[in-house]
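Down below is the structure, laid out as structure tokens.
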Amino acid sequence: MVFSVPVLATSSTGAAVQSQVTEADALLRWKASLDNHSQSFLSSWSTTAGSHCFWFGIHCNEAGNVSNISLTDSGLKGTLQSFSFPSFPNLVKLNLSNNSFHGNIPSHIGNLSKLNILDFSVNELSGSIPQEIGMLNSLIYIDLSNSFLTGTIPASIGNLTTLPILYIHMNQLSGSIPQQLGMMKFATAIDFSVNNLTGGIPTSIGNLTNLRVLSLYGNQLSGSIPEEIGMLSSLTELALSKNNLTGPIPASIGNLTELSYLYLTDNQLSNSLPREIGKLTKLTTLFLEMNELSGTLPSEMNNFTLLEVFIIYSNRFTGQLPQDICIGGCLKSFAINGNDFTGPIPRSMRNCSRLMRLHLEANQLTGNISEDFGTYPQLNFMDLSDNRFYGELSWKWEGFSNLSTLKISNNNISGIVPADIGMAAQLHLLDLSSNHLAGMIPKELGKLRLFQLSLDDNELSGGIPEEIGLLSDLERVNLAANNLSGPIPKKLGDCSKLLFLNLSKNQLSESIPVELGNLGSLESLDLSQNLLTAEIPPQLGKLQRMELLNLSHNLLSGSIPTTFDYLSSLTVVNISHNELEGPIPHNKAFQEASFEAFQNNRHLCGNNTGLEACVSVAINKSIRKKDSKLVLVIIIPLICSLFLLGVLVGGFLVLRKRIRSRETNSGEGEPSGEDIYAIWGRDKDMQYENIVEATEDFNSKYCIGEGGYGIVYKAVLPTGRAVAVKKLHQSQNGEITDFKAFKSEICVLMNIHHQNIVKLHGFCSHPKHAFLVYEFIERGSLKNTLSNEEQAVELNWFRRLNVVKGIANALSYMHHDCSPSIIHRDISSNNVLLDSEFEAHVSDFGTARILMPDSSNWTSFAVTFGYSAPELAYTMMVNEKCDVYSFGVVTTEILMGRHPGDFISSLSSSFSIPSSSLMDENTPLKDVIDQRLPTPQNKSAEGIIHIARIAHACLNGNPQSRPTMKQVSSHLMDKWHPLAKPFSEVKLGEIYSFKDDSVVKP
């Protein structure tokens, strides 16, 4: 066997030898055209390495000619332009999948007349599919998926009459599906999904009677599903989801008796389901959600004895559910939420022991909850909210060992919250709100690992059990609107992760426990409408993340603690209907609150339009005397610490100057501990040494980005926690002349806590390095996501709408809720980061201000070109309206999938005319938005028009005519207007002409 090739070479004819030489030369020429890395990877491709039949990835037939080139997953990068297809007339298999090939597929691929298998999948190929591919009539497998191919599907594809498998999914193909597809009578699998195909599904598809898999989802196909689909009697999988299909589901679908998977999600299908659907007795998976289907479900669905997944939410179905839908006992996922079903749940549901997810919410279902449901050992998620269920929670809770989420809010459930619920050991979210539950809250809840507990709007009585404090992972607690009495348990202060606490509308008494001041993550605290007495504990002033505080309608007395001056995140406050007196705190929330937030107290005064000015300092001192001792306990150590820090900083500046002077003379040395100046939060693992060690002294391999002020590195600390470290450029790594002001700025920024703002952990400086340490956000910048084809498709329309909301919320918080307000100055897609769930996080906020505190004009800081407001060209003064304009650019970029460029102009000839109106008003909006995604439908379409109008208002050339970010954020939360006509008919002029005073007027 070892000698077979030399023997063949010896006995070959001259023509065969010459053919082999030609093949070897062609391979070497192609190798030379690839990038250097690819050439080194193909090191065995050399004339010194013997016959080319032994080269990596090359296989020959018995005659010594190349018959198989398989270079899958080989790290190759280059084009196919230098690949000489005519040099390989005997090639049977060509597999270049999972590499980085780019450029066009050359037309001379049509010379491979013997080719059986062609696989170019998972590359970066672009351009159109050549018509010559129709000449490869020996093919039995084509895979061109996961690239950037454009243009139409060539009609010549119909010439491949013996081709069984055709995969061209996940590209950017457009145009209609050619009727010639119906000529491929031997096709068994066709996948055109996730492209931009338009038009209808061709009726000729009915000729493909051998077809087993047809996948067309994620396109822009329109029209109705053709009756001819029923001729595909061999079909096992039909995927038409996420298109623009309309009309009814044809009755002929009942002919697909071999069908196991049916996906029709997210279209505009209407009418009722045909009874013939009940003939699909082999169906295991059915997805019909997000359509406009109506009527009752046909009783013939009881024939689905193999059904595992039944997803039909967000339609308009009515009537009762088929009672034997789970007769086969195979059902794992059942989601009918957001319809109008009435009557009981299916009787067969009691025996669905394999059930894992159950969504029944938002219907009008009735029945006794204690009798109609069985035991579900594999159930993970259960939502029965917003129905008309009654009965008691007398389930066998030990049988719910995997249940993590249980929602039964807004029903008519009565009885008690059973102590046995503590046996559902995996329960993380429990929502029993808005029912008629009575009795006491069971202490057994403390055995669980709850993240959220909602028992509000019931008839619960007795005290709040101390055991709630054992729930260390608790983030949200709502016990409002019950009959709870007694004190607020001190142990609640142990729930360190608590974000939301609502105990309002009860009969809770005694004083507010000082231990609540330990809830450092708390963002919302509502203790209103209770019987709480005594003074407000000064320890609540430590809740630096708190945004909402409601203590109204109690019996609280004394003065408001001076520690409340430091609640910088507070935005909403209400202390009305108490017996409070004295001055209100000196922070924005109190000074801008309405009079209603203070009314019906003993005598409050201060800097608020609804209050009288405080009479004198002496009176104020007398009023505040009662809580002065507790205030001093908090303030004096803080003052001493700041004084000591000031002394150390002063000494540090002198020492640092001397050290630098010595380094200038004697060369740079390693900094000692005394050289380091740092401002940190509570994080003890963020030491200078840890950062330097984690980045190997800022080695470039840890670099994850670069901005105007420095290079960003990823550092994994000894605890395993990842952070982003921005090492400042040398121009920023100099003497900080006013450390007091600098520290003040850093501390303000470190105290910003908002879900859409990147958290600043601290700052560190010494003679060698200066850097800021931020929260690490997994996916990186919005710009990189939009420029990466695969990630851009993953960032679908709903996620993009959510990103816009997140950016708006962050800017609104910075502009209107921070004191002093923060102007970002450099909003761009580079400074918006996305986490693993595609949530937006604004970064680099306040960087210009802390590094260049005296800069008030545009020329003093780095601004990203293409995002700056037009007025900066002549005023050079930065204010909030500059951020609003930049937000408009980023929002437009999110819609278009790329920077708008000429779509908007940085300098408008007339500032009274929005610059975006430079584009033809008759241009369809669908032609402007990102073409890599399917045309938006239903809620997505409404949302896109909504934010397009907001972006247009933000891009107004006149700064005074732009809305504020608070208006933008509020308007984004409004309900979207239903479309008056199909999205494809909406023109840009309708965006320009839209008027809404809440958006356009500041």
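In summary, the side chains of Asn809 and His754 do not present any donor paired with an acceptor at a separation below 3.5 Å, with no hydrogens or angles considered. With 3.5 Å as the limit, one finds no donor-acceptor pair spanning the side chains of Arg354 and Gln378. Side-chain atoms of Ser433 and Asp457 include no donor-acceptor pair closer than 3.5 Å. Looking at Glu392 and Ser394, their side chains never bring a donor and an acceptor atom within 3.5 Å of each other. Side-chain contact of Glu459 with Asn482: a donor-acceptor pair under 3.5 Å is absent, judged by distance alone. Residues Ser434 and Asn410 bring no donor and acceptor atom of their side chains to less than 3.5 Å of each other. No donor-acceptor contact under 3.5 angstrom links the side chains of Ser812 and Ser969, judged on distance only. Inspection of the His359 and Glu361 side chains reveals an N or O donor paired with an N or O acceptor under 3.5 Å. No donor-acceptor contact under 3.5 angstrom links the side chains of Asn387 and Asn363, judged on distance only.
Stacking of Arg350 on the aromatic ring of Phe373 is not recorded, the 6.0 Å distance cut-off and the 45° axial limit not both being met.
Although no hydrogens or angles enter the test, the distance criterion places no donor-acceptor pair under 3.5 Å between the side chain of Asp456 and the main chain of Ala480. Here the side chain of Asn411 pairs a donor or acceptor atom with the backbone of Ser409 at under 3.5 angstrom. With Asn339 contributing its side chain and Ile312 its backbone, the two residues share a donor-acceptor pair below 3.5 Å. Under the 3.5 Å distance criterion, the side-chain polar atoms of Asn412 are left unmatched by any main-chain donor or acceptor of Asn435. Checking side-chain atoms of Thr533 against main-chain N and O of Leu555 turns up no donor-acceptor pair under 3.5 Å.
Note on Glu523 versus Arg476: no salt bridge recorded, every NZ/NE/NH1/NH2 to OD/OE distance being 4.0 Å or above.
For the pair Ser524 and Phe500, the minimum side-chain heavy-atom distance is below 4.5 Å. Side-chain atoms of Trp395 and Ile369, non-hydrogen and from C-beta on, do get closer than 4.5 Å to each other. Proximity of Leu360 to Ile336: side-chain heavy atoms (C-beta onward) are separated by under 4.5 Å at one or more points. No side-chain heavy atom of Leu453 sits less than 4.5 Å from a side-chain heavy atom of Asn478. In this structure, Lys759 and Tyr774 have side chains that are not in contact, with every pair of non-hydrogen atoms separated by 4.5 Å or more. The closest side-chain heavy-atom distance from Val758 to Ile777 is below 4.5 Å. Leu795 places a side-chain heavy atom less than 4.5 Å from the side chain of Phe838. When side chains are defined from C-beta on, Glu467 does not count as touching Leu445, because their heavy atoms never get closer than 4.5 Å.
Between the CZ atom in Phe451 and the CG atom in Leu498 there is a gap of 13.0 Å [rounded to 0.5 Å]. Here CE of Met356 is found 13.5 Å from CZ of Phe381. Values are rounded to the nearest 0.5 Å. Atom CZ of Arg388 is separated from atom CD of Gln364 by 4.0 Å, given to the nearest 0.5 angstrom. Once rounded to the nearest 0.5 Å, the distance linking NE2 of His553 with NE2 of His577 reads 3.5 Å. Within the model, atoms CG of Asn600 and CD1 of Ile575 stand 12.0 Å from one another, a figure rounded to the nearest 0.5 Å. Atom CG of residue Leu516 and atom CE of residue Met546 lie 9.5 Å apart, to the nearest 0.5 angstrom.
Within a 6.0 Å radius of CD in Glu778, other residues, nucleotides and ligands contribute more than 12 heavy atoms. Around NZ of Lys805, the count of heavy atoms belonging to other residues, nucleotides or ligands within 6.0 Å exceeds 12.
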Show, in sequence, the C-alpha distance, side-chain angles and deciding distance for Tyr390 and Ser370, and conclude whether the side chain to side chain donor-acceptor pair (under 3.5 Å) test is met.
CA-CA 8 Å; Tyr390 57 90; Ser370 53; over 6 Å; no
Derivation and outcome, side chain to side chain donor-acceptor pair (under 3.5 Å), residues Asn458 and His436
CA-CA 5 Å; Asn458 278 288; His436 306 294; over 6 Å; no
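The nearest pair of heavy atoms linking Lys588 to His815 is NZ-O, 4.0 Å.
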